[in-house]
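Written below as structure tokens is the structure these notes are about.
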Amino acid sequence: MPDSIIIENCSPTLAGIKTGNIFTIDRSLISDIKEELSELNQCFVDKGLRAIPLKITDKTILIYLYRPEKLKADLSCEEAKAILRKKGYGCDSIESDIVHLIHHIHNDGSFPHEIGLFLGYPPIDVKGFMEDTRKGVKCVGYWKVYGDKEKAEKTFSSYKKCTEIYKKCLSRGRHLSQMVVNTNRVKSIA
């Protein structure tokens, strides 16, 4: 799997400042999805990061790259739980919630909007988008903002800057594995 695709789509998650990212990759770029994800996860697991396929078709693979500890914290807030429960999630564990999300991706007629919670979007923004995608939008960046515009704009700016830095590092020859922030180590030092 080309490092450039992961860097382009997931730099803030690699840096540990975002919960998760999803991206689609063309099947022609991957010879063996199980092997490629296994190798990727070997590089990531000790650094608090995980990659899983959300949907595999004949032409593309939808991949979810995420920080399990950040996701656990994000989904533990009452606002997130309320949204997920309304959509049929059990909210018992992040693993079961991810399985439920995958089920929604495969079986629903439309893309499940609650996925924003799995990407680290504020629950107020996810709820606003789910209620009416146009009404009450304060700004648009990595997601549509219905809540704290200033905080979201700062977050968008940090994500953009992070991606630019990671792309520059990659162009200078750094390998993806060298650019993944080890949030496990940060947590254990703190």
Side-chain angles (χ1 to χ4, degrees), residues 1 5-25 37 40-41 44 47-56 60-91 93-106 108 110-133 137-149 151-164 166 176 179-181 183:
M1 188 175 316
I5 292 174
I6 297 170
I7 295 294
E8 178 69 37
N9 292 284
C10 304
S11 292
T13 300
L14 296 171
I17 61 173
K18 188 171 187 301
T19 300
N21 288 96
I22 57 171
F23 64 99
T24 302
I25 188 162
L37 283 175
L40 202 56
N41 280 312
F44 290 162
K47 296 179 179 181
L49 198 58
R50 194 169 293 148
I52 61 169
L54 293 178
K55 186 172 185 175
I56 300 172
T60 62
I61 303 165
L62 181 65
I63 297 175
Y64 177 41
L65 183 71
Y66 70 105
R67 299 263 177 192
E69 289 301 315
K70 285 181 91 61
L71 180 61
K72 187 176 182 179
D74 288 354
L75 299 186
S76 70
C77 88
E78 288 308 314
E79 296 88 352
K81 285 181 183 180
I83 293 168
L84 292 176
R85 285 190 181 116
K86 214 175 208 182
K87 298 295 276 179
Y89 290 76
C91 299
S93 70
I94 63 166
E95 293 81 9
S96 65
D97 289 340
I98 290 171
V99 168
H100 199 89
L101 175 67
I102 291 169
H103 175 78
H104 277 282
I105 290 170
H106 283 268
D108 292 358
S110 63
F111 204 73
H113 299 306
E114 70 272 12
I115 198 166
L117 297 171
F118 292 82
L119 303 175
Y121 302 169
I124 191 169
D125 296 336
V126 174
K127 184 178 180 191
F129 187 81
M130 291 172 79
E131 290 174 354
D132 189 335
T133 60
V137 177
K138 295 180 180 177
C139 73
V140 178
Y142 285 79
W143 65 87
K144 286 187 177 181
V145 177
Y146 300 82
D148 190 336
K149 177 184 174 188
K151 183 176 180 183
E153 287 174 336
K154 286 179 185 175
T155 300
F156 298 159
S157 177
S158 69
Y159 290 176
K160 184 179 179 189
K161 185 174 183 172
C162 175
T163 302
E164 289 168 0
Y166 270 60
L176 176 68
M179 293 188 271
V180 179
V181 172
T183 58

For I105 against P112, the heavy-atom pair lying closest together: CG1-CG, 3.7 Å
Minimum heavy-atom distance I7-T163, with the two atoms named: O-CG2, 4.0 Å
Shortest non-hydrogen separation from V145 to A152 and the atoms involved: CG2-CB, 3.4 Å
Which residues share a ring pair (Phe, Tyr, Trp, His ring centres under 6.0 Å) with F156, sequence neighbours left out: Y142, W143
Non-hydrogen side-chain atoms of I124 and D148 separated by less than 4.5 Å: no
Whether K138 side chain and G147 backbone form a donor-acceptor pair below 3.5 Å: yes
Side chain to side chain, L37 and I52, heavy atoms closer than 4.5 Å: no
By side chain to side chain donor-acceptor pair (under 3.5 Å) - contacts of Y89 (at least two apart): E114
Beyond-backbone contact of P123 with L117, side-chain heavy atoms, under 4.5 angstrom: yes
Donor-acceptor under 3.5 Å (N21 side chain, S11 main chain): no
Nearest-0.5 Å distance, CG of residue L65 to CG of residue L49: 4.5 Å
Separation of E69 CD from R50 CZ (nearest 0.5 Å): 9.0 Å
Ring geometry between Y66 and Y64 (parallel below 30°, tilted from 30 to 60°, perpendicular above 60°): parallel
Those residues that, when tested against S158, pass side chain to side chain donor-acceptor pair (under 3.5 Å) (two or more places apart): none
Min side-chain heavy-atom separation K86-M130 under 4.5 Å: no
Side-chain touch Y121/I115, heavy atoms, less than 4.5 angstrom: no
Minimal non-hydrogen separation, I17 against C162, with atom names: CD1-CB, 4.1 Å
Interatomic spacing from NE2 in H100 to OG in S93 - rounded to 0.5 Å: 12.5 Å
K81: salt bridge (charged side-chain N to carboxylate O under 4.0 Å, His left out) partners, not counting sequence neighbours: E78
I6 and Y166, any side-chain heavy atoms less than 4.5 Å apart: no
Nearest-0.5 Å distance, SG of residue C10 to OH of residue Y159: 12.0 Å
Expected output: side-chain S157 to main-chain K154 donor-acceptor under 3.5 Å: no
Derivation of the side chain to side chain contact (heavy atoms under 4.5 Å, CB included) call for F111 and L62: CA-CA 12 Å; F111 204 73; L62 181 65; 4.0 Å; yes
Sequence neighbours excluded - salt bridge (Lys or Arg N to Asp or Glu O under 4.0 Å) pairs with any residue from residues 8-22: E8-K167
Side-chain heavy atoms of F118 within contact of I94, under 4.5 Å: no
I83 side chain reached by K127 side chain, heavy atoms, under 4.5 Å: yes
Test side chain to side chain donor-acceptor pair (under 3.5 Å) applied to N9 - qualifying residues, sequence neighbours left out: none
Rounded distance (nearest 0.5 Å) linking atom NZ of K87 with atom CG of L84: 10.0 Å
Sidechain-backbone polar pair: H103 side chain, D108 backbone, donor-acceptor under 3.5 Å: no
Residues V181, R67; criterion side chain to side chain contact (heavy atoms under 4.5 Å, CB included); working and verdict: CA-CA 11 Å; V181 172; R67 299 263 177 192; 4.3 Å; yes
